[in-house]
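Structure record follows, encoded as structure tokens.
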Amino acid sequence: MTDTKITLPESEIPTHFYNIQPDMPTPLPPPLHPATREPINPDMLAPIFPMGVIEHEITQERMIEIPDEVRDIYRLYRPSPVFRARALEEALDTPARIYYKSEHVSPVGSHKLNTALMQAYLNKKEGVKRLSTETGAGQWGSALACACKLMGLECMVYMVKVSFNQKPYRRVMMKTYGADVVASPSNLTEAGRKALTEDPDCSGSLGLAISEAVEDAVKRDDTRYALGSVLNHVLLHQTIIGQEAIKQMEIAGEYPDIIIGCHGGGSNFGGLAFPFLRDKISGTRKNLRAIAVEPRSCASLTAGRREYDFGDVAGNTPLMMMHTLGHKFIPPPVHSGGLRYHGSAPLVSHLLAAGLVEAEAYPQGEVFASAVKFAQCEGTIPAPESAHAIHSVIVHALKAREAGEKKVILFNLSGHGHFDLAAYESYLAGSMDLQA
Ligand SMILES: *Cc1c(COP(=O)(O)O)cnc(C)c1O
């Protein structure tokens, strides 16, 4: 019997990030200026991001070196193990072999710390003293708060007011890491004051919190803004996940037939899948399938259109070519906060249009049934976001059973669900809208 848990020594932490752009069959359409609709000049992003981040956003180099300062902090939790989900296989009575990469083992409980640390480093290197950001459910805010403290930066988090009140523990976590956390809309910014004048009881939105965080960064010389998903540089940083997984699957003597990740903005899916997709694009693994899984209530890849759209609700960001439900789309309040985004990563959208990746969408009732099954077999309670991937894994493992095929399935367990127990409670109590 091979190991249940496939680990790598710290010396195997990747030395480079993998950039899929030079390997794509056609180049990514450029981002456009919101007013002129001309391709933007990278310098225009300088008040918001440091040059190091902008370079990672636009680079066409295939391998980007990871500085030792960042690799040293990755040692706290990387390489993350790959697990063989034997009990789940048995419960499903499937000939499929199921493996998962465990990003939930990071100190903040998700993959988001991978890019937060790299972004904090790039800012610090250019003399930035403070980072501002927004957070909805609080996962990104927690990751950036932790990364800033470990790198010696200050952190300012605008947390959507409804979450600020409903999710006190994520807020406490950010404060424990020394971050300043305010409910958005706040009276610290013009965008926030305007929203509060119009409606003193405004409960906030991710789009509004983005406007506040960007305004904070633009107004202060010592501050830049940081984003936790969607953009090329974020997906680039997450490719350490897939590079480790390639080595771990080799140790298991396997190569996946199907790779699965949940999809909100695209970063944990891209992070796991892109290093493997290199083999599909080169033709050595033509039949490899990579599947991005989204909530049916916010299905940008499966129900959206691929067109130029804004990243925020106000329409202030550059226009990006992506699968989108429209920047004014307000998703229903499903329990997977991290997947409630109207758009998708331009890189994932481009690969979907090229037929190199696939997408699926499921209602939350099915997703939570699979989450509970996974917890009862494997012990770990998954984040509701990650449970979308788990549900798709179960669907494909059952198909493999019907077909009598020994498929190898690898998925990304992007986070644990310890801060999402209210969602589990609603599912277990039967009060969840299962069709949403
Ligand atoms: C934020 C988050 C996601 C969704 O973001 P992606 O960029 O699509 O990965 C998924 N899972 C967890 C645990 C998250 O925190």
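All of these numbers come straight from a predicted model, not from anything done at the bench. First listed ligand is number 1; within each ligand, the first listed atom is number 1.
For the pair E103 and R78, the salt-bridge criterion is met [side-chain N within less than 4.0 Å of a carboxylate O]. Using a cut-off of 4.0 Å between Lys/Arg side-chain N and Asp/Glu carboxylate O, E154 and K129 are scored as not salt-bridged.
Residue S267 has at least one N or O atom closer than 3.5 Å to an N or O atom of ligand 1. Between H263 and ligand 1, no N or O atom pair is found at a separation short of 3.5 Å. The shortest N or O to N or O distance between G264 and ligand 1 is under 3.5 Å. The shortest N or O to N or O distance between G228 and ligand 1 is not below 3.5 Å.
The aromatic rings of H233 and F49 stand perpendicular to each other, their planes meeting at an angle above 60°, with 30° marking the opposite boundary. Note on ring orientation: taking the six-membered ring where Trp is involved, the planes of Y100 and F83 are parallel (angle under 30°, cut-offs 30° and 60°). The aromatic rings of H416 and F419 sit parallel to each other, their planes meeting at less than 30°, with 60° as the upper class boundary.
Near G415, meaning under 4.0 Å from one of its heavy atoms, ligand 1 places the atoms 13 (C). Close approach to S229 involves these atoms of ligand 1, each under 4.0 Å from a residue heavy atom: 6 (P), 7 (O). Every atom of ligand 1 with a heavy atom of K112 under 4.0 Å away is listed here by number and element: 1 (C), 2 (C), 3 (C), 14 (C), 15 (O). Here is the list of ligand 1 atoms found below 4.0 Å of a heavy atom in C262: 10 (C), 11 (N).
At a 4.0 Å cut-off, at least one heavy atom of H111 sits close enough to ligand 1 to count as contact.
By heavy-atom distance, the residue among L113, V230, N268, L272 lying nearest atom 9 (O) of ligand 1 is N268.
Listed for the S184 side chain is no donor-acceptor partner under 3.5 Å among the backbone atoms of G204.
Residue E12 qualifies as enclosed at atom CD: its count of foreign heavy atoms under 6.0 Å is above 12.
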